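Reminder, nothing fancy here: chain letters follow the sequence lines and each chain counts from 1. Since the structure is predicted, the reported quantities are computational estimates derived from the model, not experimental observations. Note that these values count all heavy atoms, side chains included, but never hydrogens, waters or copies made by symmetry.
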Amino acid sequence: MNRWLVLLLAGLFAPTTALADIGSRLWATGGVTTIEGSAGGGLVPWALLGSYASDNEWGGTVSMSQARVDDYTLSVIGAGLNWHNRVELTVARQTLDLDKLVFTLKDSFGLEQDELNQDIFGAKVRLFGDVLYSRWGQWSAGVQYKRQRDFTVPSAIGARDDQGIDGYISASKLFFAAIMGRNLLVNATARATRANQGGLLGFGGDRQNGYEVMAEGSAGVFLDRKWLVGMEYRQKPDNLSFAGESDWWDLFVAWVPDRRLAVTAALVNLGDIATLTDQQGLYLSLQGTF
Amino acid sequence: MTKFSAFYRSTTGPLLILLLTLGGCQNLPSSDNTSDLYEQLGERKGIASIVEDMLYRIVEDDRINQAFKGVDVVQFHRNLTDQLCQLSGGPCTYNGRSMREVHDGMAITDTQFNAVAEDLILAMEKNGIPTAAQNRLLARIAPLYPTIRGL
(Lines give C-alpha, C1' and ligand atoms only; values in the text may rest on other atoms or scores of the structure.)
Protein backbone atom coordinates (compact mmCIF):
# COMPACT_ATOMS: atom_id res chain seq x y z
CA MET A 1 0.00 0.00 0.00
CA ASN A 2 2.81 2.43 0.85
CA ARG A 3 4.54 1.66 -2.42
CA TRP A 4 1.36 2.64 -4.24
CA LEU A 5 0.98 5.82 -2.26
CA VAL A 6 4.50 6.85 -3.23
CA LEU A 7 3.74 6.09 -6.88
CA LEU A 8 0.48 8.02 -6.70
CA LEU A 9 2.08 11.04 -5.10
CA ALA A 10 5.03 10.90 -7.49
CA GLY A 11 2.54 10.99 -10.35
CA LEU A 12 0.66 13.91 -8.90
CA PHE A 13 3.65 16.08 -8.21
CA ALA A 14 5.84 15.09 -11.15
CA PRO A 15 7.41 17.96 -13.11
CA THR A 16 4.87 19.86 -15.17
CA THR A 17 6.68 18.99 -18.40
CA ALA A 18 5.64 15.37 -17.95
CA LEU A 19 2.06 16.45 -17.33
CA ALA A 20 1.68 18.54 -20.46
CA ASP A 21 0.53 15.40 -22.25
CA ILE A 22 -2.42 14.62 -20.00
CA GLY A 23 -5.43 13.76 -22.15
CA SER A 24 -7.82 16.17 -23.82
CA ARG A 25 -11.23 14.93 -22.71
CA LEU A 26 -13.07 17.42 -20.55
CA TRP A 27 -12.74 17.44 -16.78
CA ALA A 28 -14.29 14.52 -14.87
CA THR A 29 -15.29 12.68 -18.07
CA GLY A 30 -12.97 9.82 -17.06
CA GLY A 31 -15.13 9.04 -14.05
CA VAL A 32 -13.25 7.69 -11.05
CA THR A 33 -12.00 4.19 -10.23
CA THR A 34 -14.52 1.66 -8.94
CA ILE A 35 -13.72 -0.92 -6.26
CA GLU A 36 -13.22 -3.38 -9.14
CA GLY A 37 -10.71 -1.19 -10.97
CA SER A 38 -12.86 -0.26 -13.97
CA ALA A 39 -13.69 3.39 -14.55
CA GLY A 40 -17.05 4.39 -13.13
CA GLY A 41 -18.30 5.57 -9.81
CA GLY A 42 -17.51 3.74 -6.60
CA LEU A 43 -19.54 0.54 -6.95
CA VAL A 44 -20.76 0.63 -10.56
CA PRO A 45 -18.73 0.65 -13.78
CA TRP A 46 -19.75 3.33 -16.27
CA ALA A 47 -19.39 3.46 -20.05
CA LEU A 48 -16.68 6.08 -19.57
CA LEU A 49 -13.07 4.95 -20.00
CA GLY A 50 -10.54 5.96 -17.34
CA SER A 51 -8.12 8.88 -17.65
CA TYR A 52 -8.56 11.73 -20.15
CA ALA A 53 -7.10 10.12 -23.27
CA SER A 54 -8.99 11.23 -26.37
CA ASP A 55 -8.95 9.59 -29.79
CA ASN A 56 -5.22 9.88 -30.46
CA GLU A 57 -3.87 9.87 -26.92
CA TRP A 58 -2.85 7.46 -24.17
CA GLY A 59 -3.73 7.85 -20.51
CA GLY A 60 -3.52 6.04 -17.22
CA THR A 61 -4.77 6.09 -13.65
CA VAL A 62 -3.65 4.82 -10.26
CA SER A 63 -5.98 4.74 -7.29
CA MET A 64 -6.43 3.65 -3.73
CA SER A 65 -9.77 3.27 -2.01
CA GLN A 66 -11.19 2.09 1.26
CA ALA A 67 -14.70 1.29 2.45
CA ARG A 68 -15.15 0.98 6.20
CA VAL A 69 -18.49 -0.50 7.14
CA ASP A 70 -19.68 -1.76 10.50
CA ASP A 71 -17.96 -5.15 10.57
CA TYR A 72 -15.67 -5.11 7.53
CA THR A 73 -13.04 -3.01 5.82
CA LEU A 74 -12.48 -3.27 2.08
CA SER A 75 -9.24 -1.83 0.70
CA VAL A 76 -8.51 -1.59 -3.01
CA ILE A 77 -5.52 -0.53 -5.04
CA GLY A 78 -5.97 -0.20 -8.76
CA ALA A 79 -4.36 0.94 -11.97
CA GLY A 80 -5.59 1.40 -15.51
CA LEU A 81 -4.52 2.28 -19.03
CA ASN A 82 -6.58 3.87 -21.77
CA TRP A 83 -5.69 3.60 -25.44
CA HIS A 84 -7.29 6.24 -27.69
CA ASN A 85 -10.44 6.37 -25.57
CA ARG A 86 -11.26 3.02 -27.16
CA VAL A 87 -9.84 0.34 -24.86
CA GLU A 88 -9.40 0.41 -21.10
CA LEU A 89 -7.28 -2.19 -19.30
CA THR A 90 -7.34 -2.33 -15.51
CA VAL A 91 -6.00 -4.29 -12.57
CA ALA A 92 -7.20 -4.15 -8.99
CA ARG A 93 -6.35 -5.92 -5.75
CA GLN A 94 -9.09 -6.10 -3.14
CA THR A 95 -8.49 -6.94 0.49
CA LEU A 96 -11.46 -7.55 2.76
CA ASP A 97 -10.64 -7.46 6.46
CA LEU A 98 -13.13 -9.75 8.15
CA ASP A 99 -12.95 -8.11 11.58
CA LYS A 100 -15.96 -9.57 13.41
CA LEU A 101 -16.57 -12.49 11.02
CA VAL A 102 -13.32 -14.07 12.23
CA PHE A 103 -15.16 -15.36 15.33
CA THR A 104 -18.09 -16.79 13.38
CA LEU A 105 -15.71 -18.62 11.07
CA LYS A 106 -13.73 -20.02 13.97
CA ASP A 107 -16.73 -21.13 16.01
CA SER A 108 -18.86 -22.49 13.15
CA PHE A 109 -16.28 -23.79 10.70
CA GLY A 110 -13.04 -24.05 12.68
CA LEU A 111 -11.41 -21.72 10.13
CA GLU A 112 -8.66 -19.27 11.00
CA GLN A 113 -8.89 -16.51 8.43
CA ASP A 114 -8.85 -12.75 8.98
CA GLU A 115 -8.88 -11.42 5.44
CA LEU A 116 -9.94 -12.33 1.90
CA ASN A 117 -8.02 -11.18 -1.16
CA GLN A 118 -9.10 -10.97 -4.76
CA ASP A 119 -7.41 -9.84 -7.99
CA ILE A 120 -9.48 -8.37 -10.80
CA PHE A 121 -8.29 -7.90 -14.38
CA GLY A 122 -10.63 -5.75 -16.43
CA ALA A 123 -11.01 -4.81 -20.07
CA LYS A 124 -13.55 -2.36 -21.42
CA VAL A 125 -14.18 -1.30 -24.99
CA ARG A 126 -16.04 1.83 -26.03
CA LEU A 127 -18.46 0.54 -28.65
CA PHE A 128 -19.81 3.85 -29.93
CA GLY A 129 -20.85 7.33 -28.95
CA ASP A 130 -19.51 10.07 -26.75
CA VAL A 131 -20.89 10.78 -23.29
CA LEU A 132 -21.05 14.53 -23.95
CA TYR A 133 -21.79 14.92 -27.62
CA SER A 134 -23.79 11.93 -28.87
CA ARG A 135 -27.55 11.96 -28.81
CA TRP A 136 -27.67 8.40 -27.49
CA GLY A 137 -24.69 8.75 -25.20
CA GLN A 138 -21.69 6.49 -24.92
CA TRP A 139 -21.92 2.69 -24.93
CA SER A 140 -19.25 0.30 -23.77
CA ALA A 141 -18.84 -3.42 -23.11
CA GLY A 142 -16.48 -4.91 -20.58
CA VAL A 143 -15.27 -8.03 -18.81
CA GLN A 144 -13.80 -8.49 -15.36
CA TYR A 145 -11.79 -11.64 -14.72
CA LYS A 146 -11.75 -12.18 -10.97
CA ARG A 147 -9.51 -14.54 -9.03
CA GLN A 148 -10.23 -15.15 -5.37
CA ARG A 149 -6.89 -15.81 -3.63
CA ASP A 150 -8.22 -17.23 -0.36
CA PHE A 151 -10.84 -19.78 -1.31
CA THR A 152 -11.01 -21.80 1.93
CA VAL A 153 -13.69 -19.64 3.50
CA PRO A 154 -15.84 -19.14 0.35
CA SER A 155 -15.63 -22.89 -0.31
CA ALA A 156 -16.68 -23.74 3.25
CA ILE A 157 -19.80 -21.58 2.99
CA GLY A 158 -20.92 -23.10 -0.31
CA ALA A 159 -19.24 -21.20 -3.16
CA ARG A 160 -18.44 -23.39 -6.15
CA ASP A 161 -15.51 -21.67 -7.89
CA ASP A 162 -12.54 -19.55 -6.89
CA GLN A 163 -12.60 -17.58 -10.12
CA GLY A 164 -15.13 -16.12 -12.48
CA ILE A 165 -15.77 -13.68 -15.27
CA ASP A 166 -18.30 -10.86 -15.16
CA GLY A 167 -19.46 -9.38 -18.46
CA TYR A 168 -21.27 -6.08 -18.72
CA ILE A 169 -22.74 -3.55 -21.08
CA SER A 170 -22.83 0.03 -19.95
CA ALA A 171 -24.30 3.28 -21.23
CA SER A 172 -23.52 6.79 -20.00
CA LYS A 173 -24.85 10.15 -21.04
CA LEU A 174 -24.42 13.68 -19.82
CA PHE A 175 -27.42 15.98 -20.20
CA PHE A 176 -26.25 19.57 -20.39
CA ALA A 177 -28.12 22.08 -18.24
CA ALA A 178 -30.69 19.45 -17.27
CA ILE A 179 -31.46 20.47 -13.68
CA MET A 180 -31.43 24.17 -12.83
CA GLY A 181 -28.74 24.69 -15.43
CA ARG A 182 -26.60 21.92 -13.97
CA ASN A 183 -25.32 19.00 -16.02
CA LEU A 184 -26.75 15.57 -15.22
CA LEU A 185 -24.74 12.39 -15.72
CA VAL A 186 -26.71 9.15 -16.01
CA ASN A 187 -25.24 5.65 -16.19
CA ALA A 188 -26.84 2.26 -16.63
CA THR A 189 -25.07 -1.08 -16.57
CA ALA A 190 -26.29 -4.64 -17.10
CA ARG A 191 -23.91 -7.23 -15.70
CA ALA A 192 -23.90 -11.00 -16.15
CA THR A 193 -22.28 -12.54 -13.09
CA ARG A 194 -21.99 -15.53 -10.75
CA ALA A 195 -19.97 -13.61 -8.16
CA ASN A 196 -20.85 -13.69 -4.46
CA GLN A 197 -20.25 -10.28 -2.85
CA GLY A 198 -18.47 -9.20 -6.01
CA GLY A 199 -16.35 -12.38 -5.93
CA LEU A 200 -14.86 -11.94 -2.47
CA LEU A 201 -17.01 -14.90 -1.38
CA GLY A 202 -16.27 -16.87 -4.55
CA PHE A 203 -18.45 -17.68 -7.55
CA GLY A 204 -21.67 -19.66 -7.85
CA GLY A 205 -23.23 -21.37 -4.91
CA ASP A 206 -25.41 -24.11 -3.48
CA ARG A 207 -28.60 -22.10 -3.91
CA GLN A 208 -27.95 -20.73 -7.41
CA ASN A 209 -24.95 -21.54 -9.58
CA GLY A 210 -25.52 -20.04 -13.03
CA TYR A 211 -25.08 -16.61 -14.51
CA GLU A 212 -27.72 -13.97 -13.78
CA VAL A 213 -28.09 -10.50 -15.25
CA MET A 214 -27.98 -7.71 -12.69
CA ALA A 215 -29.01 -4.06 -13.09
CA GLU A 216 -26.71 -1.32 -11.91
CA GLY A 217 -27.13 2.39 -12.28
CA SER A 218 -26.13 5.79 -11.09
CA ALA A 219 -27.02 9.41 -11.53
CA GLY A 220 -25.10 12.48 -10.54
CA VAL A 221 -25.30 16.23 -10.90
CA PHE A 222 -22.30 18.44 -11.61
CA LEU A 223 -22.61 21.42 -9.26
CA ASP A 224 -19.84 22.93 -11.36
CA ARG A 225 -17.14 21.27 -13.42
CA LYS A 226 -15.24 20.18 -10.30
CA TRP A 227 -17.97 18.79 -8.05
CA LEU A 228 -20.24 15.83 -8.81
CA VAL A 229 -22.82 14.56 -6.31
CA GLY A 230 -25.03 11.56 -6.90
CA MET A 231 -26.03 8.05 -6.03
CA GLU A 232 -25.45 4.53 -7.25
CA TYR A 233 -27.36 1.29 -7.03
CA ARG A 234 -26.05 -2.19 -7.71
CA GLN A 235 -28.26 -5.25 -7.82
CA LYS A 236 -26.58 -8.46 -6.64
CA PRO A 237 -27.14 -12.19 -6.97
CA ASP A 238 -28.01 -14.34 -3.95
CA ASN A 239 -26.26 -17.64 -4.53
CA LEU A 240 -25.38 -18.94 -1.07
CA SER A 241 -27.82 -20.53 1.37
CA PHE A 242 -25.30 -19.83 4.16
CA ALA A 243 -26.36 -16.16 4.22
CA GLY A 244 -28.46 -13.78 2.17
CA GLU A 245 -26.78 -11.21 -0.06
CA SER A 246 -28.12 -7.64 -0.42
CA ASP A 247 -28.03 -5.08 -3.20
CA TRP A 248 -25.55 -2.27 -2.71
CA TRP A 249 -26.06 1.48 -2.88
CA ASP A 250 -24.19 4.64 -2.08
CA LEU A 251 -24.44 8.42 -2.02
CA PHE A 252 -21.27 10.02 -3.33
CA VAL A 253 -19.51 13.31 -3.82
CA ALA A 254 -16.53 13.52 -6.16
CA TRP A 255 -14.11 16.41 -6.35
CA VAL A 256 -12.03 16.78 -9.49
CA PRO A 257 -9.90 19.92 -8.99
CA ASP A 258 -8.05 19.26 -12.24
CA ARG A 259 -7.33 16.33 -14.52
CA ARG A 260 -4.57 14.93 -12.32
CA LEU A 261 -6.53 14.31 -9.16
CA ALA A 262 -9.94 12.98 -8.17
CA VAL A 263 -11.17 12.48 -4.61
CA THR A 264 -14.39 10.56 -3.97
CA ALA A 265 -16.21 10.21 -0.67
CA ALA A 266 -19.40 8.19 -0.18
CA LEU A 267 -21.85 6.84 2.30
CA VAL A 268 -22.12 3.18 1.37
CA ASN A 269 -24.70 0.59 2.29
CA LEU A 270 -23.53 -2.94 1.52
CA GLY A 271 -26.49 -4.58 3.26
CA ASP A 272 -26.05 -8.08 4.71
CA ILE A 273 -22.66 -9.73 4.22
CA ALA A 274 -22.08 -13.29 5.37
CA THR A 275 -24.61 -13.25 8.25
CA LEU A 276 -23.62 -9.79 9.50
CA THR A 277 -26.52 -7.48 8.75
CA ASP A 278 -26.89 -3.92 7.54
CA GLN A 279 -23.28 -3.04 6.77
CA GLN A 280 -23.03 0.72 6.39
CA GLY A 281 -20.11 3.09 6.46
CA LEU A 282 -17.83 5.47 4.68
CA TYR A 283 -15.95 5.14 1.41
CA LEU A 284 -12.99 7.23 0.42
CA SER A 285 -11.06 7.02 -2.84
CA LEU A 286 -8.07 8.88 -4.22
CA GLN A 287 -7.19 8.75 -7.92
CA GLY A 288 -4.23 10.12 -9.80
CA THR A 289 -4.29 10.44 -13.57
CA PHE A 290 -1.41 10.77 -16.01
CA MET B 1 -38.51 -16.38 -4.26
CA THR B 2 -40.93 -17.44 -6.97
CA LYS B 3 -39.81 -18.28 -10.46
CA PHE B 4 -41.45 -15.19 -11.84
CA SER B 5 -39.81 -12.80 -9.47
CA ALA B 6 -36.47 -14.50 -10.04
CA PHE B 7 -36.93 -13.93 -13.74
CA TYR B 8 -37.98 -10.36 -13.17
CA ARG B 9 -35.00 -9.81 -10.94
CA SER B 10 -32.54 -11.20 -13.44
CA THR B 11 -33.88 -9.92 -16.73
CA THR B 12 -36.45 -7.19 -16.65
CA GLY B 13 -34.70 -4.92 -14.18
CA PRO B 14 -31.56 -4.21 -16.20
CA LEU B 15 -33.47 -3.72 -19.45
CA LEU B 16 -35.95 -1.38 -17.81
CA ILE B 17 -33.23 0.75 -16.30
CA LEU B 18 -31.35 0.94 -19.60
CA LEU B 19 -34.46 1.96 -21.51
CA LEU B 20 -35.80 4.38 -18.95
CA THR B 21 -32.57 6.21 -18.35
CA LEU B 22 -31.48 6.44 -21.97
CA GLY B 23 -34.84 6.84 -23.66
CA GLY B 24 -36.72 8.81 -21.06
CA CYS B 25 -34.06 11.36 -20.33
CA GLN B 26 -33.91 12.54 -23.93
CA ASN B 27 -36.71 14.91 -23.10
CA LEU B 28 -35.73 16.14 -19.69
CA PRO B 29 -37.33 19.45 -18.90
CA SER B 30 -34.86 22.29 -18.80
CA SER B 31 -35.62 25.74 -17.52
CA ASP B 32 -34.22 27.35 -20.62
CA ASN B 33 -35.31 30.81 -21.56
CA THR B 34 -33.83 31.85 -24.88
CA SER B 35 -33.08 35.54 -24.43
CA ASP B 36 -32.05 34.97 -20.76
CA LEU B 37 -29.01 33.11 -21.98
CA TYR B 38 -28.02 35.89 -24.37
CA GLU B 39 -28.17 38.36 -21.48
CA GLN B 40 -26.23 36.06 -19.12
CA LEU B 41 -23.44 35.87 -21.68
CA GLY B 42 -23.21 39.67 -21.63
CA GLU B 43 -24.99 40.18 -24.96
CA ARG B 44 -22.94 40.60 -28.13
CA LYS B 45 -20.19 42.54 -26.37
CA GLY B 46 -19.77 39.86 -23.71
CA ILE B 47 -19.77 37.10 -26.32
CA ALA B 48 -17.15 38.98 -28.38
CA SER B 49 -14.96 39.13 -25.27
CA ILE B 50 -15.40 35.39 -24.64
CA VAL B 51 -14.49 34.59 -28.25
CA GLU B 52 -11.44 36.85 -28.05
CA ASP B 53 -10.14 35.06 -24.94
CA MET B 54 -10.93 31.75 -26.59
CA LEU B 55 -8.83 32.70 -29.62
CA TYR B 56 -5.87 33.63 -27.40
CA ARG B 57 -6.12 30.16 -25.87
CA ILE B 58 -6.41 28.44 -29.24
CA VAL B 59 -3.24 30.15 -30.50
CA GLU B 60 -1.35 28.77 -27.47
CA ASP B 61 -2.94 25.31 -27.70
CA ASP B 62 -0.59 22.91 -29.50
CA ARG B 63 -3.40 20.40 -29.99
CA ILE B 64 -5.24 22.69 -32.38
CA ASN B 65 -3.27 25.80 -33.36
CA GLN B 66 -1.94 24.10 -36.50
CA ALA B 67 -5.49 23.55 -37.71
CA PHE B 68 -6.21 27.28 -37.37
CA LYS B 69 -3.16 28.35 -39.38
CA GLY B 70 -4.00 30.72 -42.20
CA VAL B 71 -7.39 31.58 -40.74
CA ASP B 72 -8.44 35.25 -41.04
CA VAL B 73 -8.61 35.98 -37.32
CA VAL B 74 -10.81 39.09 -37.58
CA GLN B 75 -13.35 37.33 -39.77
CA PHE B 76 -13.24 34.19 -37.60
CA HIS B 77 -13.83 36.28 -34.49
CA ARG B 78 -16.81 38.06 -36.07
CA ASN B 79 -18.35 34.86 -37.44
CA LEU B 80 -18.00 32.86 -34.22
CA THR B 81 -19.32 35.78 -32.16
CA ASP B 82 -22.34 36.04 -34.47
CA GLN B 83 -22.88 32.30 -34.31
CA LEU B 84 -22.76 32.08 -30.50
CA CYS B 85 -24.92 35.23 -30.30
CA GLN B 86 -27.52 33.60 -32.56
CA LEU B 87 -27.31 30.24 -30.72
CA SER B 88 -27.87 31.98 -27.39
CA GLY B 89 -31.02 33.66 -28.70
CA GLY B 90 -29.52 37.07 -29.45
CA PRO B 91 -30.41 39.37 -32.36
CA CYS B 92 -27.55 38.29 -34.62
CA THR B 93 -27.30 36.29 -37.81
CA TYR B 94 -24.42 34.00 -38.61
CA ASN B 95 -23.36 34.83 -42.17
CA GLY B 96 -20.47 32.41 -42.51
CA ARG B 97 -20.41 29.16 -44.44
CA SER B 98 -22.26 26.14 -43.08
CA MET B 99 -20.59 24.13 -40.33
CA ARG B 100 -20.22 21.17 -42.66
CA GLU B 101 -18.66 23.27 -45.41
CA VAL B 102 -16.24 25.04 -43.05
CA HIS B 103 -14.92 21.78 -41.57
CA ASP B 104 -15.08 19.70 -44.73
CA GLY B 105 -11.84 17.82 -45.38
CA MET B 106 -10.29 18.92 -42.08
CA ALA B 107 -10.75 15.47 -40.50
CA ILE B 108 -11.40 17.00 -37.07
CA THR B 109 -10.53 14.53 -34.31
CA ASP B 110 -12.21 14.09 -30.95
CA THR B 111 -9.02 15.42 -29.39
CA GLN B 112 -9.34 18.66 -31.40
CA PHE B 113 -13.06 19.00 -30.69
CA ASN B 114 -12.43 18.54 -26.96
CA ALA B 115 -9.58 21.03 -27.05
CA VAL B 116 -11.79 23.74 -28.58
CA ALA B 117 -14.54 22.95 -26.08
CA GLU B 118 -12.04 23.29 -23.24
CA ASP B 119 -10.74 26.63 -24.57
CA LEU B 120 -14.32 27.92 -24.83
CA ILE B 121 -15.19 26.82 -21.29
CA LEU B 122 -12.04 28.39 -19.84
CA ALA B 123 -12.75 31.60 -21.76
CA MET B 124 -16.30 31.66 -20.34
CA GLU B 125 -14.89 31.11 -16.84
CA LYS B 126 -12.43 33.97 -17.30
CA ASN B 127 -15.35 36.21 -18.27
CA GLY B 128 -17.28 35.22 -15.15
CA ILE B 129 -20.12 33.46 -16.95
CA PRO B 130 -22.25 31.53 -14.41
CA THR B 131 -22.10 27.72 -14.56
CA ALA B 132 -25.75 27.40 -15.62
CA ALA B 133 -25.30 29.80 -18.55
CA GLN B 134 -22.13 28.00 -19.64
CA ASN B 135 -24.01 24.70 -19.60
CA ARG B 136 -26.95 26.11 -21.55
CA LEU B 137 -24.66 27.38 -24.28
CA LEU B 138 -22.82 24.02 -24.39
CA ALA B 139 -26.20 22.28 -24.68
CA ARG B 140 -26.80 24.21 -27.91
CA ILE B 141 -23.31 23.64 -29.29
CA ALA B 142 -23.16 19.89 -28.57
CA PRO B 143 -25.62 18.98 -31.38
CA LEU B 144 -23.12 20.47 -33.88
CA TYR B 145 -20.63 17.73 -32.98
CA PRO B 146 -21.45 15.24 -35.77
CA THR B 147 -21.48 17.95 -38.43
CA ILE B 148 -18.17 19.48 -37.34
CA ARG B 149 -16.50 16.09 -37.13
CA GLY B 150 -17.98 15.09 -40.48
CA LEU B 151 -19.74 12.03 -39.04
Side-chain angles (χ1 to χ4, degrees), chain A residues 20 23-27 29 52-57 84-85 130 132-137 139 168-184 186-192 207-208 210-219 222-225 227 233 235 237-238 247 259, chain B residues 1 6-7 9-32 36-37 40 61-64 108-118 120-122 124-125 130-146 148-149 151:
Chain A
S24 294
R25 279 152 61 217
L26 292 179
W27 309 277
T29 53
Y52 295 104
S54 196
D55 59 354
N56 45 26
E57 299 168 330
H84 289 192
N85 197 27
D130 182 282
L132 302 181
Y133 310 127
S134 300
R135 183 169 162 74
W136 292 99
W139 292 70
Y168 62 91
I169 289 178
S170 193
S172 300
K173 180 162 169 67
L174 183 120
F175 299 91
F176 284 105
I179 298 172
M180 298 180 48
R182 265 42 185 192
N183 298 338
L184 170 69
V186 179
N187 306 276
T189 296
R191 179 199 301 256
R207 181 191 290 174
Q208 152 80 33
Y211 272 94
E212 286 181 286
V213 179
M214 296 290 133
E216 305 175 6
S218 66
F222 279 96
L223 303 180
D224 60 22
R225 68 177 171 82
W227 290 91
Y233 190 85
Q235 193 187 28
D238 193 10
D247 296 348
R259 288 192 177 90
Chain B
M1 188 181 289
F7 175 79
R9 187 177 153 85
S10 65
T11 313
T12 321
L15 281 178
L16 261 179
I17 288 195
L18 277 176
L19 291 175
L20 285 177
T21 49
L22 294 159
C25 292
Q26 284 297 321
N27 299 312
L28 277 180
S30 63
S31 51
D32 201 354
D36 269 2
L37 176 57
Q40 282 165 0
D61 193 334
D62 289 333
R63 296 170 296 184
I64 45 178
I108 307 285
T109 62
D110 261 331
T111 304
Q112 291 172 316
F113 192 93
N114 282 321
V116 174
E118 174 176 340
L120 170 63
I121 292 168
L122 292 175
M124 287 195 286
E125 274 184 11
T131 302
Q134 290 184 33
N135 294 339
R136 287 188 181 117
L137 184 62
L138 293 173
R140 295 177 192 190
I141 294 174
L144 303 175
Y145 169 83
I148 289 171
R149 285 213 53 216
L151 301 177

Distance in Å, [X] [atom1] paired with [Y] [atom2], rounded so as to fall on 0.5 Å steps:
X	Y	atom1	atom2	answer
Ile121(B)	Trp27(A)	CD1	CH2	4.5 Å
Thr131(B)	Arg182(A)	OG1	CZ	5.0 Å
Asn114(B)	Asp55(A)	CG	CG	8.0 Å
Asp110(B)	Glu57(A)	CG	CD	10.0 Å

Please report the closest heavy-atom contact between Asn135(B) and Phe176(A), naming both atoms and the distance.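 Taking every non-hydrogen atom into account, O-CB, 3.7 Å.
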Do Asn56(A) and Thr111(B) get their side chains close enough for a donor-acceptor pair, meaning under 3.5 Å?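 Looking only at side-chain atoms, Thr111(B) and Asn56(A) do form a donor-acceptor pair, the distance falling under 3.5 Å.
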Would you check if Arg225(A) and Gln134(B) make a side-chain contact, meaning some heavy-atom pair closer than 4.5 Å?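 SC-SC contact between Arg225(A) and Gln134(B) ruled out.
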Would you indicate whether the side-chain heavy atoms of Asp130(A) and Arg149(B) approach each other to under 4.5 Å?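 No; the side chains remain at least 4.5 Å from each other.
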Lys/Arg N to Asp/Glu carboxylate O, Arg259(A) vs Glu118(B), below 4.0 Å: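 Salt bridge flag = yes for Glu118(B) with Arg259(A).
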Between Leu174(A) and chain B, with a heavy-atom cut-off of 4.5 Å, which part of the residue counts as in contact: side chain, backbone, both or neither?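 For Leu174(A), no heavy atom lies under 4.5 Å from chain B.
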Over 60° means perpendicular and under 30° means parallel, so tell me whether Tyr133(A) and Phe113(B) are parallel, tilted or perpendicular.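 Rings of Tyr133(A) and Phe113(B): perpendicular, as their planes differ by over 60°.
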Can you tell which part of Glu125(B) gets under 4.5 Å to a heavy atom of chain A, answering side chain, backbone, both or neither?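 Just its side chain gets close to chain A.
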Top contributor to chain A interface from Leu122(B), Asp62(B), Leu144(B), Ile141(B) [non-hydrogen pairs under 4.5 Å]: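 With the most close heavy-atom pairs to chain A, the winner is Leu122(B).
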